[in-house]
Structures are given as structure tokens and as C-alpha cells.
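Chain identifiers are assigned alphabetically (A, B, ...) following the order of the sequence lines, protein sequences preceding nucleic acid strands; residue numbering begins at 1 within each chain. As the structure is a prediction and not an experimental result, all values here were calculated from the model.
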2 protein chains.
Amino acid sequence: MAISQDAALLLTLSNLQTQLFKKVSGPLTAHGISFTEFIVLLHLNDSPARNMRRIDLAEKIGLTASGVTRLLNPMQKIGLVEKEESVRDARVSLIAITEAGTQLFNDAERTFNESAGHLLAPLNAKHHRAFSEIAGALLS
Amino acid sequence: MAISQDAALLLTLSNLQTQLFKKVSGPLTAHGISFTEFIVLLHLNDSPARNMRRIDLAEKIGLTASGVTRLLNPMQKIGLVEKEESVRDARVSLIAITEAGTQLFNDAERTFNESAGHLLAPLNAKHHRAFSEIAGALLS
DNA sequence: GCTGAATAATTGATCACTCAATTATACCGC
DNA sequence: GCGGTATAATTGAGTGATCAATTATTCAGC
């Protein structure tokens, strides 16, 4: 018996993500944030209200609610995000991106786009289409 | 400014890996091992000598040497792997898969192949080819 | 064959995250 | 409007990894 073709694909995927993740995290630390923190800012920045419920953030970035609490604490301390109360639901504490957070995100985004472009230079348009088709099929 | 197409691909990849990793880890815990431990057994089992240097293992699975030491400790205790000394180089401590480790791996491999097959059922042969082309281009 | 640089492994301290339990609030059926 | 259940967030304890420092050994140049 041996590893199946499907299994091999999963292993390759895991490898791929590990390698690329490391290469993309490095440049971000120049801005003082981790990849995960970058993703948080990205989602908050994309949100129409520029704020989100912690639990929705958790869902989006693939962490637990607990993980989100712990991730946001230092980000609040350095002023990238701030707590807001929900008028509708007192259980909820919204988290909003600040002006400082927005500026840092814009800088970091530039860096991220650059390193992504560099890392993915070997791929052509066909690869891009194929990948998004694969991701679409699997993430549904 | 916004996220580039390349950047978006990286974010999708990260998402994909997070989701799939979780789904594939669950079934493995029935065998009492984590995904990472499974990978260790896989590499040891594939090795011609059925043993490896810790540092090579680290390289293969994308951990630091330190991480490997800490990962292998419990695996040694429950007898899945065992330490061997290198005749040639007294600095290295080889790690070998045991009979018990081999048996557990064979069982776990079956489980892993099954869940991989299930998870990747939406993909066709063309997707498989495209993915391995992409991975090949990026991991070189 | 000695000295200094490189390599292999481990250890202490720390970080990022999880899970289980807890607290607070909201919602639903009666 | 009350009681029970579901949901949002936080906290304590534990896990899996990192980094920097340390120890032991090997190798390369002289």
C-alpha cells in the first residue's frame, strides 16, 4: 500500500503553504505585524463599516473566538484596532480598524502585493485560472 | 489600492490549507497521532534505511531542529520511533520507525487516503494535473 | 595534529493557538 | 414575563512550535 494520489496532493499543498507562508511573513515583520495580523486588518479594512464582530472575524480567518481575543489584545494596545460596543446586542464587542491601523495596513498591503508578485512570478494566467477553479471546488 | 491577484491567490491558498488541514487531522486522531506525526512516520517509512537524521526530517517537514526534538520525544515514549546512533558521525542521532510505528502508520495511511479521497472528490484529473504543475513551478 | 569554523542536537524562554469552563446577554415557547 | 437554550466573549491550562544559547562533535587549513 502507498499514499494515494489525493493524499499526495494534500501533502504537496501543505508543503506549498508552509514554504510560501514563511516567505511572505518575513517582509511583513518590517511593518511590525504577523501574517495573521495582516489578515485581520485586511478584513476590517474591507468591511463596509470598518468594524466586525469578533466571532465573524474568527470565522473568516480560521481561528477560534479565543484565539481572536488573544490576537487582538496586543493590536489594541498599539492602537491598530479599537473596541466598539454593539448598540443592538450587548454580548457583542465590535472591533474596528483605527486611522493608524489603516495607514499601517496600506503600507503592509503594498509590501504584501510585492512579495506575492515575486513569489508567484512563475505562474501564468492559465495557472491562476486553474487554481481558482480548484479552490472554488474545494472551499464550497 | 487593493490586494493584487497574486496576493489574493496566496490568501486563498492559506484558507484552503487551513480548512483541509482541519478536516484531515480529525480522522487521524482516532489513531492517536497528529498530522505532523503522520508526516514523520511517512518519511521514515519511505526512507530506504527506515531511519533519518533529525535535521533532514526537520527540513522535509518544514520544522526547526528544535521542533523535531520536541515532536519526537512523545513518539519515542510510546514506541513509534526509536533513537539510533550514527556510526559515522557522533553528532547525529538517527531516528528510526519501529515495528509498532510501522503498523500504526499503515492503519493511519489507510485513514488518510480515505479522507483525502473524500475531501478531494470534487477534483477531476485536469485539476490534479494543473495543481501539480503549479506546485512544481512554485516549489522549485 | 591543532585551532577555528561549521554542523547536529538539545534546552530554556516565549509565542500563538486550542479546548473547556465561565460570564453575560439575547431569544423562543409557553 | 419566565425558564431554558443558544450565542458572544473572555480566561486558565495546556500544546506545538519558534528563537537564542549551549554542548558536542566534525572538518578544513596550516
Among all residues two or more places apart in sequence or in another chain, which pass the side chain to side chain donor-acceptor pair (under 3.5 Å) test with A:N45?
-> A:R50
Donor-acceptor under 3.5 Å (A:Q19 side chain, A:L16 main chain) | no
How long is the line joining CZ of B:F35 and C1' of C:dC17, in whole Å?
-> 18 Å
Separation of C:dC15 P from A:M75 CE (nearest whole Å) = 17 Å
Could you verify whether a donor N or O on one side chain and an acceptor N or O on the other, from A:D46 and A:H43, lie under 3.5 Å apart?
-> no
Examine the side chains of B:H128 and A:D6 and answer whether a donor and an acceptor come within less than 3.5 Å of each other.
-> yes
Which angle, to the nearest 10 degrees, lies between the helix axes at the two ends of the helix from C:dG1-D:dC30 to C:dC30-D:dG1, each defined by five pairs?
-> 30°
Residues which pass side chain to side chain donor-acceptor pair (under 3.5 Å) with A:S25, listed by chain and number, not counting sequence neighbours = none
The complete set of ring pair (Phe, Tyr, Trp, His ring centres under 6.0 Å) pairs with one or both residues in residues 46-80 of chain B, sequence neighbours excluded, reads none
When the side chains of residues 75-87 of chain A are checked against the rest of the protein, which donor-acceptor pairs come out under 3.5 Å, sequence neighbours left out?
unit_1 : atom_1 : unit_2 : atom_2 : d
A:E84  : OE1    : A:N51  : ND2    : 2.9
A:S86  : OG     : A:R88  : N      : 3.4
A:S86  : OG     : A:D89  : N      : 3.2

Could you list the donor-acceptor pairs under 3.5 angstrom formed by side chains in residues 62-70 of chain B, with sequence neighbours left out?
unit_1 : atom_1 : unit_2 : atom_2 : d
B:T64  : OG1    : B:G67  : N      : 3.0
B:S66  : OG     : B:R70  : NH1    : 3.2
B:T69  : OG1    : B:A65  : O      : 3.3

Is the distance from OP1 or OP2 of C:dA8 to the nearest side-chain N or O of B:K83 less than 4.0 Å?
-> no
Looking at residues at least two apart in the chain, or sitting in another chain, which of them share a side-chain contact (heavy atoms from CB on, under 4.5 Å) with A:K23?
-> A:L119
When all nucleic acid strands are considered with a 4.0 Å heavy-atom cut-off, which category describes A:S34: base, sugar-phosphate, or nothing?
-> nothing
What pairs with B:N113 under side chain to side chain donor-acceptor pair (under 3.5 Å), at least two apart in sequence or on another chain?
-> A:S4
Can you give one letter per nucleotide of nucleotides 21-29 of chain D, going 5' to 3': B for a protein heavy atom under 4.0 Å from the base, S for sugar-phosphate only, - for none?
-> ---BBS---
Can you name the closest pair of heavy atoms from B:L28 and B:F35 and give their distance?
-> CD1-CA, 3.8 Å
To which residues is A:L94 joined in a hydrophobic cluster, defined by side-chain heavy-atom contacts under 4.5 Å among Ile, Leu, Val, Met, Phe, Trp and Tyr, whether direct or through other members?
-> A:V92
Proximity to DNA chain C (any heavy atom under 4.0 Å), residues of residues 15-23 of chain A only = none
Contact check, residues 45-74 of chain A vs DNA chain C, heavy-atom distance under 4.0 Å, returns A:G62, A:L63, A:T64, A:S66, A:G67, A:R70, A:L71
dist B:I95:CD1 -> B:I55:CD1 (nearest 0.5 Å) comes out at 14.0 Å
